[in-house]
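Since this is a predicted model, take the numbers as computed values, not measurements.
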Amino acid sequence: MPTAGLPPTFSIASIDAQRVEEALARIGPKWTAWTAMTLAQVNGPMRVRDVATQLPFVSEQFVGKRLATMHADGLVVRGYDRRAAPYRLSGLGASLAPVLRTVSDWSRTHVTQEPMAEAERVEDALRRLHLRHSTGVIQVLDSAAGPMRFVHIAESAGLDNGTARQRLLRLQADGLVARTGSRHGDPYALTDAGQALGAVYASVEHWSQPFALRSEAAASRPVEAATRLSRNRGCRRP
């Protein structure tokens, strides 16, 4: 059963769960954070093969694909279109540093205190956080007056029973959610680690602002175009 923890500095209830999950979908896939941290440590351009030597048990081909995805997401830039051109962090990628420090601090305090490389710790923490709909489930449990039963979690999070069950099982395995009893149907509650996620979510949400602004601008363009078309039609003479 989870024990009562100190009140979080940042409220989980106040974050935009969808925006957080969209950001985590960019930085959460395996080896993304490790790659970003490797580029930050070198603080200069690196070729794919050089990045691959810093990532354990990862092929150069996979690293090339990961860097290509990071390039598409705006986390890295590369020198023009030359084959094998080196990559370096973009401004957006470099701004990940405080986010990854917050993730690492949360992991070290609430998840595992076992010694491990900083990049490995961050990767492990992000693996627990970036599964789709998990943020919404944690937010629902955080907003509840007490432990919640499965059906109420699924309903409040807007998930079908199958998806809600899968997410709760995964969150239990990752130590973020716990059952309050051993019987079938006993309600769920956040663990101390789950309750402490406010600072992590707030950091991720703040970092994601450029993506949010870009999405809002893209969404407004069709509306503006439709408005101009309507006005032009209204100005035509019969």
Salt bridge or not for D50 and R47, using N-O below 4.0 Å?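 Looking at D50 and R47, the cut-off is not met.
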Does the pair D124/R128 count as a salt bridge with the N-to-O cut at 4.0 Å? yes
Does the side chain of H206 reach to within under 4.5 Å of the side chain of S203, using non-hydrogen atoms?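 H206 vs S203: side chains apart.
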Check whether any side-chain heavy atom of W31 sits under 4.5 Å from a side-chain heavy atom of P56, and report yes or no.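 In short, these two side chains touch, coming nearer than 4.5 Å.
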Hey, is the main chain of [Y] close enough, under 3.5 Å, to the side chain of [X] for a donor-acceptor pair?
X    : Y    : answer
R149 : G185 : yes
D73  : L75  : no
T135 : A17  : no
R78  : A68  : no
S143 : A13  : no
S90  : G74  : yes
R121 : T112 : yes
Q195 : D142 : no

Check against side chain to side chain contact (heavy atoms under 4.5 Å, CB included), V177 and T191: CA-CA 5 Å; V177 169; T191 62; 5.6 Å; no
Taking [Y] as the starting point, is it possible to reach [X] by hopping between hydrophobic residues whose side chains are less than 4.5 Å apart?
X    : Y    : answer
V77  : V48  : no
I12  : L131 : no
L96  : V42  : yes
L169 : V151 : no

More than 12 heavy atoms from other groups under 6.0 Å of [atom1] on [X]:
X    : atom1 : value
R108 : CZ    : yes
Q172 : CD    : yes
R127 : CZ    : yes

Can you tell me how far the [atom1] atom of [X] sits from the [atom2] atom of [Y], to the nearest 0.5 Å?
X    : Y    : atom1 : atom2 : answer
I27  : W207 : CD1   : CH2   : 5.5 Å
E123 : T35  : CD    : OG1   : 7.5 Å
E21  : D16  : CD    : CG    : 10.0 Å
T102 : F10  : OG1   : CZ    : 8.0 Å
L89  : S95  : CG    : OG    : 9.5 Å
R167 : D174 : CZ    : CG    : 11.5 Å

Decide side chain to side chain contact (heavy atoms under 4.5 Å, CB included) for L129 and V204; before the verdict, give the C-alpha distance in whole Å, the side-chain angles of both, and the deciding distance to 0.1 Å. CA-CA 11 Å; L129 301 179; V204 171; over 6 Å; no
Would you mind listing every side-chain hydrogen bond (donor to acceptor under 3.5 Å, both in side chains) that reaches into residues 61-71, with sequence neighbours excluded? T32-R66
Can a donor-acceptor pair be found between the side chains of S104 and E118 at a distance below 3.5 Å? yes
Could you please spell out the steps behind the side chain to side chain contact (heavy atoms under 4.5 Å, CB included) verdict for Y188 and L168? CA-CA 9 Å; Y188 295 84; L168 285 166; 4.0 Å; yes
Working for side chain to side chain contact (heavy atoms under 4.5 Å, CB included), residues L197 and V20: CA-CA 12 Å; L197 277 169; V20 168; over 6 Å; no
